[in-house]
Amino acid sequence: MIKAQRGTKDILGDEILIWQKIENSAKEVFQNACFNRIQTPIFEATELFNRGVGDSTDIVNKEMYTFCVGGINKDETSITLRPENTAGVVRSYIEHNIQRQSPPQKFWYFGPMFRYERPQAGRQRQFHQVGVEMFGVADAAADAEVIMTAVELLKSLGLNDLEVELNSLGCKNCKDDYKTSIKKVLEPYLEELCDDCKMRFEKNPLRILDCKNENCQKIFEKEEVKKVIFGDYVCEECKDHFDKLTSYLDNLNIKYSKNKLLVRGLDYYNRTVFEIKSNLLGSQSAVCGGGRYDGLVEMLGGQPTPAIGFAMGVERLASLMEKIEPQKIDYYIVSNNTIEAMKLAQKLRRNGKTADYCTQNKKFTKQLEKASKVANKALILGEDEINQGFYSVKDLNTSEQNKVFDFEML
Ligand code: ATP
Ligand code: MG
């Protein structure tokens, strides 16, 4: 038997009902907030992620599904299954010259992402993200708009007990000072840091703060290290931006906590970064991650454009949601005349009703049994009904049965 690949999953049965709810709620919440849907390709040039996600990230270093296509005599192109969607949306934004439209330009997406990770609860190799990207606004109002939209989606899914965590990474100027201070204070402990952090020390020292390794965590607890990590390092402009954001959130009645250790995995973030967590999820606790990436559009060849977005993990959302009972259909047609049943189903469906019928010409009693399991009403189409032109409608909740002569009355 051929089985699904490690780290991938079929979504069906009870679970697909939850997924449909997530997708439908996302559609409603994002449309109400005037985000337009975008669908970018599943694979892109590898170069896009090397530059757009950053080659000091775990994603680019260890997690990408990269392969070459084309034979020896054809153009060989290295392509990669998208590990996230921000780089793809930014590529599309630049390619279609969307920046000529007046800002803000707001997009949302829902789709599969691919990362070669060790599969465990809440962590797969093919997983799904639903997210938004907002371009063109440097003010903290955009940060608040994006965070508000994430919170609204979670609320509409009935997920209220979630924690919003915020941090500011600062801008080009203050971020570099912070990096230098972090390196300086950690240098004496370099040998004790884990291998990943040893590499991060040179390439991306802020990411060290995000490390889950116990030994590294212990080092962050040391007084002199703590002093640097928790010290005020962001410049006045960045501080103003952050204060403005928290005041917007206060006014919107959105609760948050500040977390200086929140640095996020991707290279391109500046100023605001945020995560939304649930303590019901165990060690894979983040359902949503996001942040501002003002330099990315320019870095990928577009005009300088401020931008901010988030991505939520659909599998993690789904695991937090309660089971959804399948809905009964409107009509189950009970008939031994398959053609008439089929024609009636066609007509009902065209009228927006959910309708089904027996395609195997089973006994009447069997069909009625099936109807009472799956439908609110049985629509009985026996010889009398067909010859005399009426429908016998049995309400399966009350067992009441009526003759209906006019299709429009169904
Ligand atoms: P983590 O720290 O859990 O690895 P991340 O920082 O790699 O998260 P992002 O790239 O910010 O995650 O992705 C946003 C969200 O997508 C995460 O908060 C999580 O809900 C989900 N996610 C990320 N990677 C996976 C995965 N391999 N399987 C399932 N969901 C994932
Ligand atoms: Mg990750």
Side-chain angles (χ1 to χ4, degrees), residues 4-9 11 15 18-19 22 26 49 52-54 56-65 80-90 108-133 146-147 149-151 153-154 157 159 162-167 169 196-197 200 204 206-213 216-217 259 261-269 272-293 296 308-321:
Q5 291 293 291
R6 201 163 119 77
T8 72
K9 227 180 109 185
I11 302 138
E15 221 179 334
I18 294 177
W19 277 65
I22 297 173
F49 304 114
V53 176
S56 77
T57 60
D58 286 350
I59 293 182
V60 169
N61 281 320
K62 317 185 211 170
E63 299 173 358
M64 296 221 292
Y65 280 91
T80 293
L81 302 184
R82 62 183 190 193
E84 55 92 63
N85 210 176
T86 302
V89 173
V90 170
W108 74 276
Y109 60 81
F110 185 115
M113 309 295 154
F114 306 84
R115 295 184 195 177
Y116 186 70
E117 303 200 68
R118 189 169 69 76
Q120 51 192 297
R123 198 174 287 292
Q124 291 175 212
R125 289 178 173 172
Q126 175 171 339
F127 64 102
H128 297 71
Q129 286 184 335
V130 56
V132 310
E133 312 294 350
V146 160
I147 294 174
T149 306
V151 170
L153 175 57
L154 296 169
L157 298 174
L159 305 174
L162 295 162
E163 296 259 335
V164 179
E165 290 190 0
L166 292 182
N167 193 17
L169 295 180
D196 280 342
C197 283
R200 291 173 186 142
N204 193 355
L206 285 193
R207 278 283 282 133
I208 295 177
L209 305 184
D210 213 17
C211 185
K212 308 283 182 302
N213 181 295
C216 297
Q217 296 261 353
N259 177 3
L261 292 177
L262 183 66
V263 288
R264 313 257 327 113
L266 312 186
D267 272 358
Y268 51 62
Y269 288 118
T272 311
V273 287
F274 62 97
E275 261 179 15
I276 305 180
K277 293 180 180 168
S278 162
N279 47 26
L280 299 175
L281 282 174
S283 55
Q284 264 52 261
S285 63
V287 286
C288 175
R292 187 168 267 287
Y293 50 92
L296 186 61
I308 178 161
F310 70 73
M312 290 188 191
V314 179
E315 283 77 4
R316 292 189 199 173
L317 286 176
S319 72
L320 287 171
M321 287 171 61

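Just so it is clear, the model here is predicted, and its values are computed rather than measured. Each ligand, and each atom within it, is numbered from 1 in the order the structure gives.
- The closest donor-acceptor contact from the side chain of N167 to the backbone of L262 lies under 3.5 Å.
- For F310, there are no ring-ring contact (aromatic ring centres under 6.0 Å, His included) partners, not counting sequence neighbours.
- Annotation: E315 places no N or O atom under 3.5 Å from an N or O atom of ligand 1; distance criterion only.
- Ligand 1 places these atoms under 4.0 Å from at least one heavy atom of R264: 6 (O), 9 (P), 11 (O).
- Across all their heavy atoms, D210 and R207 have their closest contact at OD2-NH1, 2.7 Å.
- The residues K212 and D196 are annotated as not salt-bridged, no charged nitrogen and carboxylate oxygen being separated by less than 4.0 angstrom.
- Close contacts of ligand 1 with C288, meaning ligand atoms under 4.0 Å from a residue heavy atom, involve 18 (O).
- At least one donor-acceptor pair closer than 3.5 Å links the side chain of Q217 to the backbone N or O of C211.
- Within the set G291, A286, P119, G131, the minimum heavy-atom distance to atom 17 (C) of ligand 1 is found for A286.
- No side-chain donor-acceptor contact under 3.5 Å links Q124 and T8.
- Scored by the side-chain contact (heavy atoms from CB on, under 4.5 Å) test, A87 finds L48, F49, E84 as partners (sequence neighbours excluded).
- Residue contacts with ligand 1: R115 is placed with a nitrogen or oxygen under 3.5 Å of a nitrogen or oxygen of the ligand (distance criterion only).
- Taking all heavy atoms of Q284, R123, Q126 into account, the minimum distance to atom 2 (O) of ligand 1 is reached by R123.
- Taking every non-hydrogen atom of G313 and a distance limit under 4.0 Å, the qualifying atoms of ligand 1 come out as 15 (C), 16 (O), 20 (O), 21 (C).
- Remark: among candidates E117, R316, H128, the nearest residue to atom 27 (N) of ligand 1 is E117, based on non-hydrogen atoms.
- Counting the atoms of ligand 1 from 1 in the order shown, those under 4.0 Å from a heavy atom of A311 are 14 (C), 15 (C).
- Ring pair F110/H128 is tilted by interplanar angle, where 30° to 60° counts as tilted.
- In terms of polar-atom proximity, M312 is not counted as a contact of ligand 1, lacking any N or O under 3.5 Å from an N or O of the ligand.
- Distances from ligand 1 to the non-hydrogen atoms of Q124 include at least one value under 4.0 Å.
- Heavy atoms of V287 found under 4.0 angstrom from ligand 1 belong exclusively to the backbone.
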